[in-house]
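Structure record follows, encoded as C-alpha coordinates.
Below, chain A is the first sequence line, B the second, and so on; all start at residue 1. As the structure is a computational prediction, the values presented were derived from the model and not from experiment.
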2 protein chains.
Amino acid sequence: MGNLVIDINKLEMAASKLRAIAHPMRIAIIDLLNDSPKLSVTEIYEKLKIEQASASHHLNILKNKGVLISKREGKKIFYSLKNISLTEIIECINRCNED
Amino acid sequence: MGNLVIDINKLEMAASKLRAIAHPMRIAIIDLLNDSPKLSVTEIYEKLKIEQASASHHLNILKNKGVLISKREGKKIFYSLKNISLTEIIECINRCNED
DNA sequence: ATATTATTTCATAATTTTGTCAAAAACTTA
DNA sequence: TAAGTTTTTGACAAAATTATGAAATAATAT
(Lines give C-alpha, C1' and ligand atoms only; values in the text may rest on other atoms or scores of the structure.)
Protein backbone atom coordinates (compact mmCIF):
# COMPACT_ATOMS: atom_id res chain seq x y z
CA MET A 1 0.00 0.00 0.00
CA GLY A 2 1.22 3.43 -0.80
CA ASN A 3 4.24 1.96 -2.51
CA LEU A 4 5.46 3.91 -5.48
CA VAL A 5 4.27 2.05 -8.52
CA ILE A 6 5.89 4.37 -11.00
CA ASP A 7 9.59 4.80 -11.37
CA ILE A 8 9.96 8.56 -11.48
CA ASN A 9 13.38 8.31 -13.07
CA LYS A 10 12.12 6.33 -16.00
CA LEU A 11 9.26 8.74 -16.34
CA GLU A 12 11.56 11.70 -16.38
CA MET A 13 13.80 10.02 -18.93
CA ALA A 14 10.88 9.30 -21.19
CA ALA A 15 9.47 12.77 -20.75
CA SER A 16 12.78 14.42 -21.49
CA LYS A 17 13.28 12.23 -24.53
CA LEU A 18 9.94 13.21 -25.92
CA ARG A 19 10.53 16.84 -25.03
CA ALA A 20 13.81 16.65 -26.88
CA ILE A 21 12.11 15.35 -29.97
CA ALA A 22 9.16 17.71 -29.72
CA HIS A 23 11.09 20.71 -31.00
CA PRO A 24 10.63 22.12 -34.50
CA MET A 25 14.29 22.25 -35.44
CA ARG A 26 14.99 18.83 -34.03
CA ILE A 27 11.99 17.40 -35.83
CA ALA A 28 13.48 18.87 -38.98
CA ILE A 29 16.78 17.18 -38.23
CA ILE A 30 15.10 13.85 -37.59
CA ASP A 31 13.13 14.31 -40.76
CA LEU A 32 16.29 14.90 -42.79
CA LEU A 33 17.88 11.84 -41.29
CA ASN A 34 14.84 9.80 -42.06
CA ASP A 35 15.56 10.35 -45.75
CA SER A 36 19.33 9.85 -45.61
CA PRO A 37 21.12 7.06 -43.81
CA LYS A 38 23.64 9.56 -42.47
CA LEU A 39 24.51 13.24 -42.65
CA SER A 40 27.41 15.31 -41.40
CA VAL A 41 26.95 18.32 -39.16
CA THR A 42 27.87 20.56 -42.07
CA GLU A 43 25.30 19.03 -44.36
CA ILE A 44 22.67 19.41 -41.70
CA TYR A 45 23.31 23.02 -40.78
CA GLU A 46 23.55 24.02 -44.43
CA LYS A 47 20.32 22.34 -45.38
CA LEU A 48 18.49 23.79 -42.43
CA LYS A 49 20.17 27.20 -42.71
CA ILE A 50 21.10 27.43 -39.09
CA GLU A 51 24.43 28.09 -37.41
CA GLN A 52 26.87 25.28 -37.06
CA ALA A 53 27.04 25.59 -33.30
CA SER A 54 23.29 25.50 -33.12
CA ALA A 55 23.11 22.33 -35.20
CA SER A 56 25.77 20.77 -33.04
CA HIS A 57 23.86 21.67 -29.95
CA HIS A 58 20.62 20.13 -31.18
CA LEU A 59 22.39 17.04 -32.47
CA ASN A 60 24.00 16.60 -29.09
CA ILE A 61 20.66 16.79 -27.35
CA LEU A 62 19.20 14.14 -29.63
CA LYS A 63 22.24 11.97 -29.19
CA ASN A 64 22.11 12.20 -25.41
CA LYS A 65 18.49 11.12 -25.40
CA GLY A 66 19.34 8.10 -27.53
CA VAL A 67 17.57 9.27 -30.65
CA LEU A 68 20.68 9.62 -32.80
CA ILE A 69 24.09 8.05 -33.01
CA SER A 70 27.25 9.61 -34.39
CA LYS A 71 30.30 8.19 -36.07
CA ARG A 72 33.42 9.90 -37.23
CA GLU A 73 34.62 9.29 -40.76
CA GLY A 74 37.73 11.25 -41.58
CA LYS A 75 37.20 14.92 -40.91
CA LYS A 76 33.48 14.71 -40.54
CA ILE A 77 31.13 13.30 -38.01
CA PHE A 78 28.05 11.66 -39.36
CA TYR A 79 24.80 11.41 -37.52
CA SER A 80 22.14 8.79 -38.07
CA LEU A 81 18.89 7.77 -36.51
CA LYS A 82 19.50 5.10 -33.95
CA ASN A 83 18.52 1.83 -35.58
CA ILE A 84 15.35 1.23 -33.57
CA SER A 85 14.40 4.45 -35.24
CA LEU A 86 11.28 6.38 -35.61
CA THR A 87 8.66 3.76 -36.03
CA GLU A 88 9.24 2.63 -32.46
CA ILE A 89 9.06 6.15 -31.17
CA ILE A 90 5.95 6.89 -33.13
CA GLU A 91 4.30 3.74 -31.88
CA CYS A 92 5.14 4.81 -28.38
CA ILE A 93 3.67 8.23 -28.95
CA ASN A 94 0.49 6.81 -30.30
CA ARG A 95 0.21 4.48 -27.37
CA CYS A 96 0.67 7.41 -25.03
CA ASN A 97 -2.04 9.31 -26.83
CA GLU A 98 -4.66 6.61 -26.67
CA ASP A 99 -7.60 7.94 -24.74
CA MET B 1 11.21 13.54 -49.71
CA GLY B 2 11.57 15.82 -46.78
CA ASN B 3 7.98 15.24 -45.85
CA LEU B 4 7.31 15.43 -42.16
CA VAL B 5 7.11 11.88 -40.95
CA ILE B 6 6.36 12.80 -37.39
CA ASP B 7 3.23 14.50 -36.28
CA ILE B 8 4.56 17.25 -34.08
CA ASN B 9 1.21 17.68 -32.39
CA LYS B 10 1.07 14.10 -31.27
CA LEU B 11 4.63 14.37 -30.06
CA GLU B 12 3.87 17.44 -28.05
CA MET B 13 0.79 15.84 -26.57
CA ALA B 14 2.75 12.79 -25.52
CA ALA B 15 5.60 14.88 -24.17
CA SER B 16 3.30 17.08 -22.17
CA LYS B 17 1.45 14.08 -20.83
CA LEU B 18 4.64 12.51 -19.61
CA ARG B 19 5.84 15.82 -18.22
CA ALA B 20 2.57 16.10 -16.34
CA ILE B 21 3.06 12.72 -14.75
CA ALA B 22 6.75 13.21 -14.06
CA HIS B 23 6.26 15.47 -11.06
CA PRO B 24 6.75 14.28 -7.48
CA MET B 25 3.47 15.56 -6.10
CA ARG B 26 1.51 14.29 -9.06
CA ILE B 27 3.18 10.91 -8.80
CA ALA B 28 2.05 10.90 -5.18
CA ILE B 29 -1.50 11.67 -6.28
CA ILE B 30 -1.45 8.91 -8.87
CA ASP B 31 -0.03 6.58 -6.29
CA LEU B 32 -2.85 7.36 -3.87
CA LEU B 33 -5.41 6.77 -6.56
CA ASN B 34 -3.79 3.52 -7.46
CA ASP B 35 -4.76 2.23 -4.03
CA SER B 36 -8.27 3.71 -3.88
CA PRO B 37 -10.83 3.59 -6.64
CA LYS B 38 -11.68 7.24 -6.03
CA LEU B 39 -10.80 10.10 -3.73
CA SER B 40 -12.20 13.57 -3.21
CA VAL B 41 -10.06 16.67 -3.48
CA THR B 42 -10.30 17.11 0.29
CA GLU B 43 -9.10 13.58 0.96
CA ILE B 44 -6.19 14.07 -1.37
CA TYR B 45 -4.94 17.41 -0.07
CA GLU B 46 -5.28 16.24 3.52
CA LYS B 47 -3.39 13.04 2.94
CA LEU B 48 -0.63 14.83 1.05
CA LYS B 49 -0.59 17.84 3.37
CA ILE B 50 -0.73 20.42 0.63
CA GLU B 51 -3.05 23.34 0.07
CA GLN B 52 -6.43 22.68 -1.39
CA ALA B 53 -5.86 25.01 -4.33
CA SER B 54 -2.56 23.33 -5.03
CA ALA B 55 -4.19 19.91 -5.09
CA SER B 56 -6.88 21.20 -7.36
CA HIS B 57 -4.29 22.57 -9.77
CA HIS B 58 -2.38 19.32 -9.92
CA LEU B 59 -5.55 17.33 -10.34
CA ASN B 60 -6.62 19.57 -13.15
CA ILE B 61 -3.31 19.11 -14.94
CA LEU B 62 -3.61 15.34 -14.71
CA LYS B 63 -7.21 15.48 -15.84
CA ASN B 64 -6.39 17.63 -18.84
CA LYS B 65 -3.73 15.18 -19.95
CA GLY B 66 -6.18 12.32 -19.72
CA VAL B 67 -4.60 10.63 -16.75
CA LEU B 68 -7.50 11.16 -14.38
CA ILE B 69 -11.23 11.54 -14.58
CA SER B 70 -13.51 13.34 -12.16
CA LYS B 71 -17.09 12.85 -11.16
CA ARG B 72 -19.24 14.83 -8.83
CA GLU B 73 -21.15 13.02 -6.11
CA GLY B 74 -23.16 15.30 -3.88
CA LYS B 75 -20.97 18.01 -2.43
CA LYS B 76 -17.71 16.41 -3.41
CA ILE B 77 -15.85 15.76 -6.59
CA PHE B 78 -14.09 12.45 -6.81
CA TYR B 79 -11.05 11.77 -8.91
CA SER B 80 -10.01 8.39 -10.28
CA LEU B 81 -7.38 7.03 -12.58
CA LYS B 82 -8.71 6.82 -16.10
CA ASN B 83 -9.53 3.19 -16.72
CA ILE B 84 -6.67 2.44 -19.08
CA SER B 85 -4.64 3.21 -16.01
CA LEU B 86 -1.06 2.89 -15.12
CA THR B 87 0.01 -0.34 -16.68
CA GLU B 88 -0.48 1.18 -20.11
CA ILE B 89 1.50 4.24 -19.17
CA ILE B 90 4.28 2.19 -17.66
CA GLU B 91 4.46 -0.02 -20.73
CA CYS B 92 4.76 3.11 -22.81
CA ILE B 93 7.54 4.43 -20.64
CA ASN B 94 9.47 1.23 -20.88
CA ARG B 95 9.07 1.20 -24.63
CA CYS B 96 10.31 4.77 -24.79
CA ASN B 97 13.33 3.83 -22.73
CA GLU B 98 14.42 0.91 -24.82
CA ASP B 99 17.94 1.56 -26.02
C1' DA C 1 51.52 24.61 -38.97
C1' DT C 2 47.17 25.63 -41.21
C1' DA C 3 42.60 24.83 -42.50
C1' DT C 4 38.42 22.40 -41.70
C1' DT C 5 34.97 20.48 -38.85
C1' DA C 6 32.72 19.97 -34.61
C1' DT C 7 32.13 20.54 -29.59
C1' DT C 8 31.99 22.97 -25.40
C1' DT C 9 31.47 26.83 -22.50
C1' DC C 10 29.53 30.93 -21.02
C1' DA C 11 26.40 34.69 -20.69
C1' DT C 12 22.03 36.02 -21.42
C1' DA C 13 17.32 35.97 -23.00
C1' DA C 14 12.98 33.67 -23.36
C1' DT C 15 9.79 30.38 -21.89
C1' DT C 16 7.57 27.25 -18.76
C1' DT C 17 6.44 25.57 -14.44
C1' DT C 18 5.24 26.13 -9.58
C1' DG C 19 3.22 27.76 -5.44
C1' DT C 20 0.30 30.84 -3.04
C1' DC C 21 -3.39 33.90 -2.30
C1' DA C 22 -7.82 35.73 -2.82
C1' DA C 23 -11.99 35.63 -5.20
C1' DA C 24 -15.52 33.24 -7.67
C1' DA C 25 -18.34 29.18 -8.65
C1' DA C 26 -20.96 25.02 -7.90
C1' DC C 27 -23.57 22.62 -5.04
C1' DT C 28 -26.07 21.22 -0.60
C1' DT C 29 -28.68 21.86 3.31
C1' DA C 30 -31.45 24.36 6.50
C1' DT D 1 -33.16 32.65 0.27
C1' DA D 2 -29.15 32.45 3.18
C1' DA D 3 -25.34 30.06 4.95
C1' DG D 4 -21.98 26.50 4.71
C1' DT D 5 -18.94 23.10 2.02
C1' DT D 6 -16.16 21.99 -1.49
C1' DT D 7 -13.73 22.95 -5.55
C1' DT D 8 -12.16 25.86 -9.29
C1' DT D 9 -10.16 29.85 -11.21
C1' DG D 10 -7.19 33.77 -12.09
C1' DA D 11 -3.40 36.57 -11.04
C1' DC D 12 1.01 37.18 -9.72
C1' DA D 13 5.84 36.45 -8.45
C1' DA D 14 9.54 33.02 -7.70
C1' DA D 15 12.00 29.25 -9.49
C1' DA D 16 13.44 26.19 -12.94
C1' DT D 17 14.11 24.92 -17.62
C1' DT D 18 15.30 25.79 -22.25
C1' DA D 19 17.01 28.38 -26.16
C1' DT D 20 20.36 31.24 -28.57
C1' DG D 21 24.62 33.35 -30.05
C1' DA D 22 29.48 34.29 -29.55
C1' DA D 23 33.82 32.92 -28.47
C1' DA D 24 37.07 29.51 -26.94
C1' DT D 25 38.56 24.88 -27.39
C1' DA D 26 39.26 20.24 -29.49
C1' DA D 27 40.09 16.89 -33.06
C1' DT D 28 41.49 15.69 -37.54
C1' DA D 29 43.52 15.92 -42.20
C1' DT D 30 46.73 17.71 -45.41
Tell me the interatomic distance from [X], atom [atom1], to [N], atom [atom2], rounded to whole angstroms.
X: B:Ile50; N: C:dG19; atom1: CD1; atom2: C1'; value: 10 Å
X: A:Ile27; N: D:dA19; atom1: CD1; atom2: C1'; value: 16 Å
X: B:Leu18; N: C:dT17; atom1: CG; atom2: P; value: 13 Å
X: B:Asn60; N: C:dA25; atom1: CG; atom2: P; value: 17 Å
X: A:Ile61; N: C:dT7; atom1: CD1; atom2: P; value: 12 Å
X: B:Lys38; N: D:dT6; atom1: NZ; atom2: P; value: 16 Å
X: A:Leu68; N: C:dA6; atom1: CG; atom2: P; value: 14 Å
X: B:Asn64; N: D:dT9; atom1: CG; atom2: C1'; value: 13 Å

Donor-acceptor under 3.5 Å ([X] side chain, [Y] main chain):
X: A:Arg72; Y: A:Lys75; result: yes
X: A:Glu46; Y: A:Glu43; result: no
X: A:Ser80; Y: A:Pro37; result: yes

When every nucleotide of nucleotides 20-30 of chain D is labelled 5' to 3' by its protein contacts under 4.0 Å (heavy atoms), B for base, S for sugar-phosphate only, - for none, what sequence of letters results? B-SB---SSS-
Side chains of B:Lys65 and B:Ser16: is there a donor and an acceptor less than 3.5 Å apart? yes
Indicate, with a heavy-atom threshold strictly under 4.0 Å, whether A:Tyr45 touches base, sugar-phosphate, or nothing. nothing
Applying a 4.0 Å non-hydrogen cut-off, can you work out what B:Phe78 is touching in the nucleic acid: base, sugar-phosphate, or nothing? nothing
Selection from D:dT6, C:dA6, D:dT18 that lies nearest to any side-chain heavy atom of A:Arg19: D:dT18
Could you point out which residue of A:Ile61, A:Ile21, A:Leu68 forms a side chain to side chain contact (heavy atoms under 4.5 Å, CB included) with A:Arg26? A:Ile61
Roughly how far, to the nearest 0.5 Å, is CG of A:Leu39 from CG of A:Leu48? 9.0 Å
Does A:Ser56 make a side-chain N or O approach to OP1 or OP2 of C:dA6 shorter than 4.0 Å? no
Any Lys/Arg nitrogen of A:Glu73 or A:Lys38 sitting under 4.0 Å from an Asp/Glu carboxylate oxygen of the other? yes
